[in-house]
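One-based numbering, in listed order, for ligands and for the atoms of each. As a basis for the values below, the full set of heavy atoms in this structure was taken, side chains included, without hydrogen atoms, waters or symmetry mates.
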Amino acid sequence: MKEFGLIGYPLGHSMSPFIHEKLFSLNGVDAKYSLFEISPTELEKNISALKELDGFNVTIPHKTGIIRSLDYLSERAKLFGAVNTVKCGEITKGYNTDCHGFLRALDCAQISLSGDVLVCGAGGAGRMFIFESVLAGADVTVAVRNPDKAIELKNEIRNKLGKDIKIISLSEIAEGYDLVINSTPVGMSPDTGNSVLSLEQVKKCGAVFDAIYNPLETKLLSFAKKAGIKYSNGLSMLVWQAAVAQEIWFDASFEKSDVERIIAKTQEELSK
Ligand code: NAP
């Protein structure tokens with residue numbers, strides 16, 4: 001039996017075992033997926049035990065800290081300085097599948113990553129959305145609480161990708177973006193009454209992607225629904241990043257329709 005898992009701290013109620021087990025069964029893979037709650041000060045002493053697994057996922061706060069224990073980094077993991085998937089073996093390899101999860105989620109919702117893209121928030125997920133949007137050729141505006149804090153990111157993007165992004169304050173958001181991406185926790189349970197954009201602003205945008213999946217329909221997404229524009233919540237990204245991790249771990253392959261069924265099952269599980 002193959003053994004996989006998730007490291008993070010704290011882990012709380014994670015959907016990852018549910019999602020991975022459903023994905024394992026699609027490929028008939030005999031594997032188990034466990035949760036390992038490891039604090040930042042305990043990562044070092046747990047590394048050799050983790051390397052005995054076939055592979056593992058990495059979440060907050062270890063996405064950067066894990067890098068020093070790896071022998072190889074994928075191009076995207078290197079670019080973002082963040083790893084969420086590790087494949088163990090003779091050498092230990094680190095990947096970032098969040099970005100592939102994001103791109104496949106957009107594809108499933110038929111949302112194009114082009115034109116004027118507004119990314120709200122510039123934390124771990126926000127960084128990846130910004131990099132992917134710039135790589136896709138979009139004109140990127142980043143809205144944050146404190147624009148001064150994002151200057152370093154602007155310089156990093158200029159140095160690594162040779163392109164400029166615009167940084168504004170969340171209170172300065174204009175309208176008319178082709179795509180709005182929310183990577184702040186605004187609208188997440190239990191504060192479900194908040195949204196980074198108003199209905200009037202959303203009505204003038206082309207599509208909305210909200211990284212949040214609890215609730216499945218944030219206030220921002222309810223505005224997109226009312227406005228009649230394309231939208232996606234973060235659940236599709238969560239399931240797709242897990243599917244891509246399994247593609248890396250054991251060359252699994254997935255039909256879009258099968259993954260969409262697992263997204264629906266995960267949605268049912270979350271709604272219980
Ligand atoms: P993070 O690293 O903590 O970054 C959060 C960002 O939001 C930061 O820019 C932060 O600004 C900003 N922010 C925090 N509270 C805010 C508020 N009240 N008003 C305005 N801005 C605020 O978190 P993350 O890992 O990027 O996650 C962000 C969201 O994405 C979460 O909802 C998370 O659940 C979701 N997510 C989803 C997936 C998925 O697979 N669907 C994956 C990863 C994350 P400051 O720097 O000023 O604090």
Would a search of protein heavy atoms around atom 26 (O) of ligand 1 find one under 4.0 Å away? yes
Can you tell me if R145 contacts ligand 1 (heavy atom of the residue under 4.0 Å from the ligand)? yes
I'd like to know if atom 8 (C) of ligand 1 has any protein heavy atom within a distance of less than 4.0 Å. yes
Of all the heavy atoms in N146, does at least one lie under 4.0 Å from an atom in ligand 1? no
Indicate the atoms forming the closest heavy-atom contact of V180 with Y177, along with that distance. CG2-CB, 4.1 Å
Nearest non-hydrogen protein atom, atom 14 (C) of ligand 1: P185 CD, 3.3 Å
Return yes if some donor-acceptor pair links the side-chain N/O of D54 with the main-chain N/O of E3 below 3.5 Å, else return no. yes
Tell me whether ligand 1 is touched by N182 - counting only heavy atoms on the residue side and a distance under 4.0 Å. no
If you count heavy atoms of other groups shown closer than 6.0 angstrom to NZ of K225, is the number above 12? no
For atom 24 (P) of ligand 1, which protein heavy atom lies nearest, and how many Å away is it? A125 N, 3.9 Å
Determine, step by step, whether F80 and F131 satisfy the ring-ring contact (aromatic ring centres under 6.0 Å, His included) criterion, reporting the C-alpha distance in whole Å, the side-chain angles of both residues, the deciding distance to 0.1 Å, and the verdict. CA-CA 8 Å; F80 307 144; F131 269 94; 5.6 Å; yes
Min over M188, K149, M237, M128 of heavy-atom distance to atom 46 (O) of ligand 1 lands on K149
Y33 and L6: side-chain contact (heavy atoms from CB on, under 4.5 Å), yes or no, with the steps? CA-CA 8 Å; Y33 191 95; L6 171 67; 3.4 Å; yes
Atom indices of ligand 1 within 4.0 angstrom of L238 heavy atoms, with elements: 40 (O)
Compute the shortest N/O to N/O distance between I60 and ligand 1 and return yes if it is under 3.5 Å, no if not. no
Does the residue I212 have a heavy-atom contact with ligand 1, meaning some pair of atoms that are separated by less than 4.0 Å? yes
Checking D30 now: which residues fulfil side chain to side chain contact (heavy atoms under 4.5 Å, CB included) with it, not counting sequence neighbours? M1
Determine the minimum heavy-atom distance between G121 and I130, stating which atoms define it. O-CD1, 4.2 Å
Counting from 1 in the order shown, the ligand 1 atoms closer than 4.0 Å to a non-hydrogen atom of V186 are 17 (C), 18 (N), 19 (N), 20 (C)
Here the atoms of ligand 1 under 4.0 Å from any heavy atom belonging to A122 are 9 (O)
Taking only non-hydrogen atoms of G101, do any sit less than 4.0 angstrom from ligand 1? no
P185 meets the side chain to side chain contact (heavy atoms under 4.5 Å, CB included) criterion, sequence neighbours left out, with M188
Are V202 and L170 in one and the same hydrophobic cluster, where Ile, Leu, Val, Met, Phe, Trp and Tyr link if side-chain heavy atoms are under 4.5 Å apart? yes
Is there a nitrogen or oxygen of L235 sitting under 3.5 Å from a nitrogen or oxygen of ligand 1? no
Between ligand 1 and L170, can you find any atom pair, the residue atom being a heavy atom, that is separated by under 4.0 Å? yes
